[in-house]
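Here is the structure we will look at.
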Amino acid sequence: MRKKKVYLDYASTTPLDPRVFAAMKPYFSQKFGNPMSLHSFGKEASEAVEKARKQAADFFGCEPSEIIFTSGATESNNFAVKGTVIAFASHSRKKTKPHIITTQFEHSCVLASCKKIEEQGMADVSLVPVSREGIISINDLKNEIRENTILVSVMYANNEIGTIQPIKEIGKILEKINREREMKNLPQIAFHTDAVQAINYLDCRVDSLGVDLLTASGHKIYGPKGIGCLYIRKNTPIRRIQDGGGHESGLRAGTLNVPGIVGFGESLRIAEKERRRNYKIVEKMRDYLILRILKEIKGVRLNGSRIKRIPNNINLTLINVEGEGMLLGLDMKGVAVSTGSACSSGDLRPSHVLTAIGVSEEESHGSLRVTLGKYTTKQEADYFLNSLKEVVTRLRKIAGK
Ligand SMILES: Cc1ncc(COP(=O)(O)O)c(C=O)c1O
């Protein structure tokens, strides 16, 4: 008999939607041209890339020329942080060191980019704290703004606890502050959001968010891996970080990943069309699971706000159980979940996100992230729940708790 397999790790990656795969297929084989080539093969590929750029622009409510394709969100986030600092360094007449504001619980690729820039003496960085609910305070952020601040980077929805940040409000405040700064001849503050986990569920139109830079990734939205984009509002000062040819309007060198780009465009088109429906489906299932878990398993806490949270995320702390043990126990039953972010799995340090919201090191080790998706069924949810109950009971018994 084939082992039952239940995938509940959609924040880590998602399966490819068959419609996306169908759109991509011809660009691996017969339509293989390089979009930079001037002949008909190149033209065919370049038309496909431009169609995808238009699909992305429609999704984000921007001009196609404001979409720069990258290899994914890690690159987009590196580009947003480092590219902004490099642009400032090359434009600024006075040799002022710029300042960046971000949050304590950003994805590691934002935090590591900021750290590197800071270590190299290219910028100062401030980290805004996060409340127990997993949300930053706008006042804390405002208090960090200095004369030399050039970038604010705040993620839209957190990848571990799913909490939603007040991006629209921050956008409005920064717009006002930027108007005042213009009169005082101070540098403008660019506003970046890592919207990777929000795209499936939330409004990501850049004008309604008030962002200048926005990061997206294909494989979190039922698209392919190794593709994403950085939205760059027209006239935002930014320099490329990957040098070479003149691809992507000179902002990102490297032969374009045509099948990936086609798939990414198609996945954004589908995400927009099905957003409301998918929101309702996963929200209902998530609420059902949270309710039953809290009722039927002792010593469990939900991490992060219950309300200001994307609808597919459940992040739990279970007292007197090791997260690793739960993950492996569930895996033996064919259920895939995570103990932290995909990128920090295998790392035994407590999650920086849980630490930021005040979860102790010990409790952090008993945490589990369960993320649902558009293919999750009620049967799968029930199978997971029963498996979790069994695994937790067994582990607590072994530990004598
Ligand atoms: C919020 C967030 N930002 C960035 C990334 C990195 O994305 P990619 O795999 O496209 O590099 C992830 C993936 O885990 C993420 O969840």
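As the structure lists them, so they are numbered: ligands from 1, and atoms in each ligand from 1. Note that the structure is predicted; figures quoted are calculated from it, not measured.
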Under-4.0 Å heavy-atom contact with ligand 1, by part of [X] that carries it:
| X | result |
| --- | --- |
| Gln197 | side chain |
| Lys220 | side chain |
| Thr74 | both |

* Asked: Taking the six-membered ring of Phe21, is NZ or CZ of Lys25 closer than 6.0 Å to its centre and within 45° of its axis?
  -> yes

* To do: Answer yes or no for Lys220 and Tyr10: cation-pi contact, defined as NZ/CZ to six-membered ring centre under 6.0 Å and angle to ring axis within 45°.
  =>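 No, Lys220 does not sit over the ring of Tyr10.
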
Atom indices of ligand 1, in the order listed, that fall short of 4.0 Å to a heavy atom of [X]:
| X | answer |
| --- | --- |
| Gly72 | 10 (O) |
| His219 | 8 (P), 9 (O), 10 (O) |
| Asp194 | 1 (C), 2 (C), 3 (N), 4 (C) |

* Hey, is ligand 1 close enough to Ala73 that some N/O pair sits below 3.5 Å? -> yes

* Electrostatic pair Arg275-Asp203, nearest N-O below 4.0 angstrom -> no

* Are Glu272 and Arg269 close enough for a salt bridge, meaning some N to O gap below 4.0 Å? ->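 Looking at Arg269 together with Glu272, the answer is no, because their closest N to O distance does not fall below 4.0 Å.
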
* Short side-chain donor-acceptor distance under 3.5 Å, Glu160 and Ser351 -> yes

* Could you check whether the rings of Phe41 and Phe32 sit parallel, tilted or perpendicular, using 30° and 60° as the cut-offs? =>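 The rings of Phe41 and Phe32 sit tilted, inter-plane angle from 30° to 60°.
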
